[in-house]
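Just so it is clear: chains get the letters A, B, ... in the order the sequence lines come, proteins before strands, and each one is counted from 1.
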2 protein chains.
Amino acid sequence: MSSLRNRAIDASALDQEAVCKTCWAKSFSFCKPLHAADMGGFFSAAASLKVNPGTVFIHDGAKFPFYFNITRGATRSFKILPDGRRQILNFGVPGTLIGFSDRSIFDFSVESINEVSLCRFTKDKVDFYANKHPELRKSLLDKMMAELSESYAHTLVLGKMSARERLAFFLMKQNKTQFKVYGELNKINLPMNRYDISDYLGITTETVSRTFTQFENEGIITFIKASEIIVRDRRRLGALAGGGTRSPAIG
Amino acid sequence: MSSLRNRAIDASALDQEAVCKTCWAKSFSFCKPLHAADMGGFFSAAASLKVNPGTVFIHDGAKFPFYFNITRGATRSFKILPDGRRQILNFGVPGTLIGFSDRSIFDFSVESINEVSLCRFTKDKVDFYANKHPELRKSLLDKMMAELSESYAHTLVLGKMSARERLAFFLMKQNKTQFKVYGELNKINLPMNRYDISDYLGITTETVSRTFTQFENEGIITFIKASEIIVRDRRRLGALAGGGTRSPAIG
DNA sequence: CGACTAATTGATACGAATCAAAAGCGGTGG
DNA sequence: CCACCGCTTTTGATTCGTATCAATTAGTCG
């Protein structure tokens, strides 16, 4: 797990308000409702950060009174058992809000997969504005509900599904988010490696690999390269993924 | 799955304010902070309900603009796959708040295990008071955070742990909540049956049963009866449960 | 006390893990 | 530009934990 080594976080002090105005991730970020209102005061309190690939920027057990909104790149959140076994809880994409935790203490870690850009907000500041703006409060709650709901879907996958079903679920989910964030319809990009996928799905890399091969042989998907997939038969993929997520209809 | 059949919900219109004043579950319920203030208006908006054993009182996919606070008994929340496989997401005990969901639509079902008493609050009413009382808002958020946090712990268990570890985790968790709610130190009560435990842990009843027997043979636990356990060696049980939950130290 | 359901125990099968090796891929330097 | 090295991914052989199938025992209720 060499990727767990820590690297520096590059913070650049830019004109945050201008950054927010042109932020391409705002339409699916928690701060969306504030862009309509004249909320320069809120945005100037934010800070833009860049994180190098493979950097753990939130540590399990640490006190951390910030929210992070991802604007570019991808992250993995995970828990680790004393003997090193790792479970990935979810992957973050642009629009993902990180920071829901009890008493500001995280009970999982978050690591960048590739180069990640994010906005940092102090919780106090967010709370302050949330108290004044019901829409922001609702937006935050929605993000949190969605996270809880996704966690429950994940629970179902890990508790009841076979390797084939798990991978199908993962691909459908990935397909859905990539459509939402990047507008890709049938192309699935996999910024994470096979270990990440296996640690997310509770199986091994070998099983992930074998199952990918099966899917390709069955004409369900085609590989452009190891990290890029074309969905050929969404119906069958969706059927395999079962009720894991509420019907992942796209478009 | 005969237990999924629906039975009537008995609603009794009592003097709610009096009920709340003497509610034994209030010290660990979301409404706790309001008991200090003079909040008769809030409590009179609540309704006390009783639910017969084995009743699904919240249905996956249903619109349901209420919160339920459990005051007596136990519940199971679950998701079901099209082919009938069931995953239990969590068990509810007195103090558990049910109702966090996206746009008031539940994406899981909730069923009573034994006779359950609960308080029903309309979400509008709760929101109204939450806007005026930061402590109530915080209390609600805390419940939600705890639910998310527990779901993540559950994810780790289902994704990475062996049958022995899963059952140990379950027992430690059960032990911890029963201490908090009922003050029992080494006695664990199991209101749920073996199917529930297996569907919560992602294993089969047979495996649950075999593992229980192992634990008893190893001197870790003793059975009073099938639904009542004495913990003999919490150290070993905790070690097995690993980092599944943040150190389950009691007392 | 008998009938039904829940829980336990036993025998076998199977899916995925593990162990092992080969192939693919990306970067570096001669 | 190609050869080499390390890392990731794929493929193969075998093992192992848990599921499944089957039967017995315990517990509960009329």
Asks: When the distance from NZ of A/Lys225 to C1' of D/dT10 is rounded to whole Å, what number comes out?
Replies: 17 Å
Asks: Rounded to whole angstrom units, what separation is found between the CD atom of A/Gln214 and the P atom of D/dG12?
Replies: 13 Å
Asks: Applying salt bridge (charged side-chain N to carboxylate O under 4.0 Å, His left out), can you list everything that pairs with B/Glu150, at least two apart in sequence or on another chain?
Replies: B/Lys173
Asks: Only counting residues at least two apart or in another chain, list the ones meeting side-chain hydrogen bond (donor to acceptor under 3.5 Å, both in side chains) with B/Asn90.
Replies: A/Tyr152, B/Ser77
Asks: List for me each residue that meets side-chain contact (heavy atoms from CB on, under 4.5 Å) alongside B/Thr71, sequence neighbours excluded, and say none if there are none.
Replies: B/Cys23, B/Ala25, B/Asn69, B/Ser117, B/Cys119
Asks: For A/Lys187, which residues count as a salt bridge (charged side-chain N to carboxylate O under 4.0 Å, His left out) partner, sequence neighbours excluded?
Replies: A/Glu184, A/Glu228
Asks: How would you list all residue pairs meeting salt bridge (Lys or Arg N to Asp or Glu O under 4.0 Å) that involve residues 207-221 of chain B, not counting sequence neighbours?
Replies: B/Arg164-B/Glu218
Asks: What integer distance in Å separates B/Arg85:CZ from D/dA19:C1'?
Replies: 13 Å
Asks: Go through the structure and list residues passing ring-ring contact (aromatic ring centres under 6.0 Å, His included) with B/Phe223, not counting sequence neighbours.
Replies: B/Phe212
Asks: Round to the nearest Å and state the distance from A/Phe215 atom CZ to D/dT10 atom C1'.
Replies: 16 Å
Asks: Could you check how far CD1 of B/Ile197 sits from C1' of D/dT18, rounded to whole Å?
Replies: 17 Å
Asks: State which residues pass side-chain hydrogen bond (donor to acceptor under 3.5 Å, both in side chains) with A/Asn193; sequence neighbours excluded, sorted by chain then number.
Replies: none
Asks: In whole angstrom, give the distance that lies between atom CG of A/Leu190 and atom P of D/dT8.
Replies: 16 Å
Asks: Five pairs per end, C1' atoms only: what is the angle between the end axes of the helix from C/dC1-D/dG30 to C/dG30-D/dC1, to 10 degrees?
Replies: 40°
Asks: I'd like to compare against my own output: the B/S/- annotation of nucleotides 4-21 of chain C with a strict under-4.0 Å heavy-atom distance to protein.
Replies: ---SBBBB----SSBB--
Asks: Can a salt bridge be assigned to the pair A/Asp233 and A/Arg235 using a cut-off of 4.0 Å between side-chain N and carboxylate O?
Replies: no
Asks: Measure from CG on B/Leu167 to P on D/dT18 and round the result to the nearest Å.
Replies: 11 Å
